[in-house]
Amino acid sequence: MEALLLILTTMLTITQALVDQIVAHARQDHPDEACGVVAGPEGTGRPERFIPMLNAARSPTFYEFDSGDLLKLYRELDDRDEEPVVIYHSHTATEAYPSRTDISYANEPGAHYVLVSTADADDAGPFQFRSFRILEGEVTEEEVTVVETY
Amino acid sequence: MAIEVRIPTILRTYTDGQKAVEGGGETLADLFTDLETRHTGIQARIVDGGELRRFVNVYLNDEDVRFLDGINTKLTDGDNVTILPAVAGGMV
């Protein structure tokens with residue numbers, strides 16, 4: 001556990017292509033919340049593989065990975081020695097900041113929790129793409145550095 | 001009776017970092033009571049008021065136990081149990 005905490009960085013570095021994929025997914029599922037994962041090789045903290053997930057709640061105010069899909073996802077990550085580097089979801093009518101619900105169900109201490117707001121979706125204006133650490137109920141916003149390649 | 005139990009990252013603080021532990025019991029409820037004897041504190045993270053917590057998923061082999069008998073699901077030697085916290089949230 002200590003080893004895990006040591007490798008936590010306070011910044012998310014992510015490619016433009018992945019940001020575009022996350023935002024496109026959020027816009028596509030609007031007005032429902034969209035959710036998914038970007039997996040990366042264990043221990044690297046580098047988001048690489050975009051995995052959009054189905055929102056089993058199909059709701060504008062709630063998201064939950066389908067329980068069968070969740071098991072399949074974690075088996076696959078395990079088999080490939082990957083971990084969920086980014087866990088993303090959208091807020092469709094509010095800002096991109098973790099809600100009380102987000103905080104109480106945040107169970108991946110090593111993940112970057114990315115929130116995208118699609119509250120602006122009608123006029124396709126500037127949207128919010130923000131990243132947080134959520135650890136034992138504490139929210140820490142972190143800087144997002146968007147790069148072309150790693 | 002040996003049941004392999006896969007532990008999610010968030011609960012590995014109770015298992016000295018181990019990804020999987022062994023336990024035993026006739027049912028899932030018994031299994032979590034058994035785990036508690038060696039991994040103090042883990043039971044309360046999975047079970048609340050005698051039921052599985054709403055946002056903790058438990059699978060017997062590949063099946064979500066909510067579609068079986070929940071916490072009363074019977075176990076057989078050699079079964080695999082996987083615990084995974086739900087990935088969930090929302091704006092409210």
Side-chain angles (χ1 to χ4, degrees), chain A residues 1-5 32-33 35-37 42 53 55-57 59-75 77-78 83-84 87-111 113 115 117-119 132 134-136, chain B residues 3-21 28 32 38-49 51-71 73 75 79-92:
Chain A
M1 197 63 195
E2 269 104 21
L4 180 71
L5 290 175
D32 285 346
E33 292 196 7
C35 54
V37 161
E42 231 167 43
M53 299 291 290
N55 177 3
S59 158
T61 57
F62 196 74
Y63 81 95
E64 181 172 6
F65 290 9
D66 172 77
S67 80
D69 292 351
L70 181 73
L71 180 67
K72 262 198 297 195
L73 171 70
Y74 274 81
R75 286 266 165 85
L77 296 180
D78 227 31
E83 59 192 0
I87 297 174
Y88 71 86
H89 77 281
S90 60
H91 282 177
T92 60
T94 54
E95 65 169 338
Y97 191 86
S99 65
R100 266 192 325 196
T101 319
D102 293 335
I103 297 164
S104 56
Y105 302 141
N107 274 315
E108 280 294 352
Y113 282 88
L115 276 104
S117 174
T118 56
F132 305 86
I134 308 177
L135 213 55
E136 289 170 7
Chain B
I3 311 286
E4 190 199 44
V5 187
R6 301 191 66 113
I7 306 293
T9 311
I10 190 92
L11 297 185
R12 289 181 197 156
T13 47
Y14 300 101
T15 62
D16 291 325
Q18 285 178 277
K19 284 184 170 186
V21 296
L28 271 181
F32 297 139
R38 290 179 302 284
H39 310 289
T40 310
I42 200 167
Q43 190 176 27
R45 300 293 300 271
I46 306 165
V47 181
D48 183 31
E51 292 297 328
L52 290 174
R53 287 185 175 274
R54 161 73 179 87
F55 288 102
V56 176
N57 296 321
V58 177
Y59 307 86
L60 172 62
N61 303 319
D62 280 345
E63 190 80 42
D64 185 333
V65 301
R66 286 198 176 82
F67 303 117
L68 303 170
D69 280 325
I71 196 156
T73 301
L75 303 175
D79 275 344
N80 286 287
V81 169
T82 303
I83 302 165
L84 282 179
V87 179
M91 74 175 205
V92 187

Inset, instruction - Evaluate side-chain hydrogen bond (donor to acceptor under 3.5 Å, both in side chains) for S67(A) paired with N57(B), printing each intermediate quantity in order. - result: CA-CA 7 Å; S67(A) 80; N57(B) 296 321; 5.1 Å; no
Legend entry - Crowding at CD, E51(B) (>12 non-hydrogen neighbours, <6.0 Å): no
Legend entry - Heavy-atom contact with chain B under 4.5 Å, split by part of L70(A): both
Legend entry - Least distance between heavy atoms, R75(A) atom then N61(B) atom: NH2-O, 3.6 Å
Legend entry - Under 4.5 Å from a heavy atom of chain A, the part of R6(B) involved: side chain
Inset, instruction - Quick one: pull up OG1 in T9(B) and CD in E83(A) and give me the separation to the nearest 0.5 Å. - result: 8.0 Å
Inset, instruction - Measure P84(A) against the heavy atoms of chain B and call it side chain, backbone, both or neither at under 4.5 Å. - result: neither
Legend entry - Under 4.5 Å from any heavy atom of chain A - which part of D16(B): neither
Legend entry - Interatomic spacing from CG in N107(A) to CG in L11(B) - rounded to 0.5 Å: 7.5 Å
Inset, instruction - Please look at Y63(A) and chain B and tell me whether the side chain, the backbone, both or neither of the residue comes under 4.5 angstrom of a heavy atom of that chain. - result: both
Inset, instruction - Kindly give the heavy-atom pair with the smallest separation between G89(B) and F62(A), and that separation in Å. - result: O-CD1, 3.0 Å
Inset, instruction - Before giving the answer on side chain to side chain contact (heavy atoms under 4.5 Å, CB included), spell out for M53(A) and V87(B) the whole-Å C-alpha distance, their side-chain angles and the decisive distance to 0.1 Å. - result: CA-CA 10 Å; M53(A) 299 291 290; V87(B) 179; over 6 Å; no
Inset, instruction - Using non-hydrogen atoms and a 4.5 Å limit, figure out which bit of N55(A) sits close to chain B: side chain, backbone, both or neither. - result: neither
Legend entry - Contacting moiety of R54(B), where chain A heavy atoms sit under 4.5 Å: side chain
